[in-house]
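Okay, so here's the structure we're looking at.
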Amino acid sequence: MSGFGITVAFWILAALTLASAGGVMASRNLIHAVLFLIVAFLGVSGFFILLSADFLAMAQIIIYVGAISVLILFAIVLTPRAERDNSETSMVLPALLLGTTLAAVLLFVLYDANWNVTNVEPGLSAEVLGSALLSVWVLPFELASVLLTAALVGALMIVRRQEDEEGDSAS
Amino acid sequence: MLSFLATDHWYDLRDLANLYRVVLEGLDHIFPTGLVYVLTALLGFIAFFVVFVLPSQLYVGVYGERRLIGRMQARQGPNRVGPLGLLQPVADAIKLLQKEALTPRSADRLIMWAAPVLFVAPAILIFAVIPFGPRMVFADIPVSLMYFLAISSLPVIASFMAGWSSNNKYSLFGAMRIVAMSISYEIPLVLGLLAVSVLSGTMSLQGMVYWQQDIPTWMILIQPIAFAVYFIGVSAELNRTPTDIAEAESEIVAGYLTEYSGMRWGLFYGMDIAYALGASAFAATIFFGGWSLFGLEQWVPPWLIFILKTYLFYFVFIWTRGTLPRLRIDQLMSFAWKFLLPIALINLLVVAVERLIWTSNDLPDAIVWAFGAVNIVLMVGIVFIWAKVFKYDPKKRPTKPRLVNEPGGYRPVDLEQGGPSL
Amino acid sequence: MTLTLEHFLTVSILLFAMGLVIALSKRNSIGILMGVELMLNAVNLVLITFARFGESTMSITGHAFVAFIITVAAAEAAVALALVISVYRTRGTIEVDRLKLLRF
Amino acid sequence: MSEIVKTEPFVMNIGPQHPSTHGVFRVKVTVDGEQITDAEMVIGYLHRSMEKLAEERTYTQNIPFTDRTDYLSSMSNNLGYCLAVEKLGGLSVPARGQAIRVIMAELQRLASHCMGAGAFANDTGAWQTPVMWFNRERERILDIFEMTSGARLTCNYMRIGGVAFELRSGFEEAVRNLLPRLQQTIADGQELLAENEIFIARARDVAVVSPETAIGASLTGPMLRGSGVAWDIRKADPYSGYEKYDFQIPIGYKGDAYDRFTVRLEEMRQSIKIVEQALDDLPGGPHSTEVPLAFRPPAGEAYARIESPRGELGYYLISDGGPSPFRFHIRPPSLINLSVLKEMTVGASVADAIIALGSVDIVVGEIDR
């Protein structure tokens with residue numbers, strides 16, 4: 001995988017993604033953190049495009065940026081002002097230590113291992129993905145739809161007000 | 001597939017890609033490859049901007065909309081600056097540039113500054129996948145339908161940023177409303193477009209144009225339900241009346257734009273028009289045959305056909321804006337969830353079955369017309385069933401008050417024996 | 001310059017580590033959720049990278065997994081935020097170090 | 001979402017500078033999500049102390065004050081005040097003067113309802129179109145006022161004992177040309193709004209005032225009639241010869257904002273009928289009785305009421321026999337109609353509160369005086 005444009009795109013995306021992930025970590029305001037998170041999501045979808053996973057890149061934007069981030073924003077606005085603080089607990093040092101160690105170990109493994117790499121474009125398109133989802137992966141696919149329904153109903157049940165339930169049982 | 005009369009001569013303006021290719025080849029002799037890459041992209045963008053976006057925005061979006069709405073509202077509209085007021089958009093732009101962009105003291109300065117910028121970027125990106133002609137498309141990617149949906153979910157974030165950072169209660173209201181509404185309307189919108197994609201068997205916009213050219217038909221005739229869902233969903237996403245609750249000027253002043261002034265506001269305004277144009281172009285591509293016009297595209301420049309179709313669709317946006325009142329947020333939400341979503345799901349199911357019948361029995365293309373007939377019947381049927389279920393009968397609903405001759409106390413409503421149903 | 005597997009995996013490892021640190025150290029439960037989302041994204045990136053570079057006849061598996069992860073992430077976010085709001089309603093806070101009681 | 005999730009209530013100001021408070025009127029609402037849990041009316045931004053000022057001026061000099069209370073219907077205000085003074089002084093008005101007064105008052109009702117219906121449509125979000133349509137016709141009515149009295153908004157046309165001037169030549173023709181246009185505009189408004197699905201969804205069952213509440217809060221005008229109570233001063237306590245004309249009282253079904261709107265439209269149709277009848281048999285003779293400029297009514301008190309476009313407009317005067325009133329009090333229909341606003345808005349959403357306020361059709365000049 002080479003070429004001037006692709007290389008430049010990779011470095012820009014890498015810088016963007018990692019910097020905005022750092023922004024999520026560093027920003028004290030929860031709303032700022034979400035906005036950084038959105039940029040990180042967009043960066044990851046850029047990587048997906050670089051890795052010729054067009055469909056998933058678009059799905060990533062639609063779901064992560066269009067739905068999940070918006071949900072998070074909604075949740076933040078619904079909880080009042082005092083809860084918009086994004087500071088760390090006292091566990092920040094151990095967490096940093098653990099994170100660094102994990103990154104170091106994984107990076108060591110990555111550069112130590114002898115990956116069985118091909119540079120041939122596998123030609124994975126949305127059609128291939130679709131037929132795979134509906135043939136090989138049909139059971140997980142159906143399970144995912146059940147999961148989504150369950151999550152929908154579950155989320156509704158959790159946030160239902162107490163008095164609503166009483167009103168329902170009374171009527 | 002290209003039974004196209006267009007030649008490769010640069011002066012053949014039926015396909016502007018010819019001209020562009022000649023320029024690209026000429027530049028290739030002068031500049032190194034990497035620079036040509038950037039230069040031609042820039043050139044193409046500028047040409048596109050000058051030929052389509054700027055005139056459309058200024059003269060269809062600003063001037064045309066104001067003149068037409070003026071006409072609908074029994075007044076003149078802009079007619080002072082230049083002949084017929086044609087320089088009005090330019091004057092407006094100059095005025096906006098001169099104005100100070102105020103920032104409230106308690107606002108979140110950075111986000112307030114960044115919101116209009118982030119609002120602009122997707123508006124331009126949206127046009128990248130729209131085919132203006134057989135070869136006139138920036139990025140003919142195979143998932144351009146998904147691309148459109150993905151990009152159109154971005155400005156919501158910018159609107160939210162604008163509303164939240166202003167630190168104004170009206171703005172926050174507007175931001176909350178736009179977020180809630182866009183989540184709700186995204187779902188029927190996606191399902192409606194999915195049905196289109198299922199029937200045509202492609203997610204590429206260019207592929208859909210070719211599909212419609214080959215049958216030949218328009219998708220709106222085959223899938224009226226999908227079109228209805230798309231139109232309602234997109235006007236909700238775009239904040240056009242009757243769903244402009246996010247900047248409802250009679251309720252929350254200007255919604256998320258309350259604290260914006262000067263060119264920052266101008267960017268929001270201009271890009272709102274650009275989004276509406278993008279949605280119109282998208283509808284023209286998917287539902288109205290794009291640049292094809294039943295063979296006429298061989299003589300008339302396809303891009304002209306396409307732009308005219310876009311403008312016609314945009315006119316519908318202007319028209320609804322000039323006439324319809326605004327719905328309340330809970331009505332909009334329940335409309336999305338209780339009506340649009342089920343209807344989009346039913347449509348998807350029917351279309352999937354139709355597609356299955358079509359491909360597995362190897363039927364001729366003309367069968368699509370039969371599908372269209374079925375879908376139209378289905379649409380009418382759904383509307384009637386819906387009316388039955390909700391006992392909707394406009395004839396029995398009183399739109400004029402009762403008349404009495406003598407004053408007195410309360411007159412109870414006589415609901416029995418053929419009285420009005422309220 | 002040629003981009004290889006290592007480039008992409010390095011990015012995703014760093015992203016994962018950052019997500020982990022965020023998830024472990026943040027006080028606000030929505031902040032923790034954001035860390036989890038970042039980690040999921042990093043994993044997605046790994047899967048896509050291997051689907052692109054790995055030598056396999058079933059490369060699409062990676063894409064299929066990512067599709068499932070995105071689905072699950074959407075469900076997870078919805079439920080998690082519903083929980084956050086529910087917790088906020090009963091306890092008046094969503095900061096995890098103040099949520100000490102096991103009793104509801 | 002906002003229905004499911006409980007949010008932190010916060011206070012929001014609607015007004016005094018807000019696109020749909022119809023003047024400088026302020027409602028302090030406490031909202032929980034989109035739902036209003038408390039509303040507090042703040043009035044007085046336009047207070048000009050008219051009632052006190054009127055005690056220093058002669059009866060004739062007070063007529064221009066009445067123009068400026070309900071500035072959208074100055075003719076009706078003039079009429080109400082003049083009726084009160086005439087009652088106090090025991091004066092009578094010649095038949096022609098009475099007919100001219102009726103024509104003017106009904107044209108004023110048309111103009112005012114044009115504004116009210118248009119502004120209400122604007123509150124529902126029909127972006128300026130109905131307001132422009134109705135305003136176009138209102139302008140034509142104001143042209144007729146200008147032709148008759150020399151002023152468009154603050155006409156100052158009625159006098160104690162009659163009207164200020166004889167009608168100009170061409171007046172009748174102008175009015176007769178105008179009426180079909182008005183019919184057409186009302187029909188357009190009916191089609192564009194009253195039969196519009198979205199408009200019905202927005203206004204039906206919103207801001208309901210029950211007949212009991214309406215009577216209990218002494219509402220008058222379209223507010224009361226919208227609740228289904230047949231009450232119209234023109235019928236119940238006729239003045240200026242209204243008993244001679246054939247018209248009907250429109251009453252609503254449920255007392256919601258939609259009923260009030262349609263009642264207003266129907267009142268406009270009835271007003272056209274009245275104007276036509278009045279023009280058809282416009283009596284000759286003098287337009288006014290001679291009343292001395294420094295008119296001194298005998299000591300006593302009088303209350304006269306008329307059906308203004310907004311409801312019962314009453315003028316209460318006490319005379320001590322001097323050239324200026326001892327006490328001058330206005331019963332402004334807007335203020336009393338507004339008293340049910342809290343009842344209508346609490347529990348509704350912000351959007352419905354705007355509809356509720358618009359359906360009252362207030363004029364702040366009259367509320368604050």
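All chains are named by letter (A, B, ...) in the order of the sequence lines, taking the proteins before the strands, and each is independently numbered beginning at 1.
Closest non-hydrogen pair, B:Y170 versus D:H18, comes out as OH-CD2, 3.3 Å. The shortest heavy-atom contact between B:K169 and D:V11 is NZ-O, 2.6 Å. For B:L403 against D:E266, the heavy-atom pair with the smallest separation is CD2-CG, 3.6 Å. Taking each heavy atom of D:M12 and B:F173 in turn, the nearest pair found is SD-CE1, 3.5 Å. Of all heavy-atom pairs spanning D:I249 and B:E406, the tightest one is CD1-C, 4.2 Å.
When heavy atoms are compared at a cutoff of 4.5 Å, D:E212 does not approach chain B at all. In this structure, chain B has a heavy atom under 4.5 Å from the side chain of D:R136, while its backbone stays farther away. Only the side chain of D:N196 comes within less than 4.5 Å of a heavy atom in chain B; its backbone stays farther off. For D:L265, no part lies near chain B; criterion is any non-hydrogen pair under 4.5 Å. Using a 4.5 Å cut-off between heavy atoms, D:S349 touches chain B through its side chain atoms alone. Looking at D:V131, there are no atoms closer than 4.5 Å to chain B (heavy atoms on both sides), in backbone or side chain. Residue D:R234: no heavy atom, backbone or side chain, is found under 4.5 Å from chain B. Residue D:F247 touches chain B through its backbone alone, counting heavy-atom pairs closer than 4.5 Å. Both the backbone and the side chain of B:R328 come within contact range of chain D, each with at least one heavy atom under 4.5 Å from a heavy atom of that chain.
Between B:R402 and D:I251 there is a side-chain heavy-atom pair separated by less than 4.5 Å. Under the 4.5 Å side-chain criterion, counting only non-hydrogen atoms from C-beta, D:D232 is not in contact with B:P407.
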B:K400/D:T262 under side chain to side chain contact (heavy atoms under 4.5 Å, CB included): CA gap, chis, key distance, verdict
CA-CA 6 Å; B:K400 287 186 178 177; D:T262 49; 5.9 Å; no
Can you list the steps and then say if D:R202 with B:Q331 is a side chain to side chain contact (heavy atoms under 4.5 Å, CB included)?
CA-CA 9 Å; D:R202 276 309 296 282; B:Q331 290 168 341; 3.5 Å; yes
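Heavy atoms of other residues, nucleotides or ligands lying less than 6.0 angstrom from CZ of B:R71 number 12 at most.
Between atom CZ of residue B:R326 and atom CG of residue D:D123 there is a gap of 9.0 Å, rounded to the nearest 0.5 Å. Distance CD1/B:I329 to CG/D:D352: 12.0 Å, rounded to 0.5 Å.
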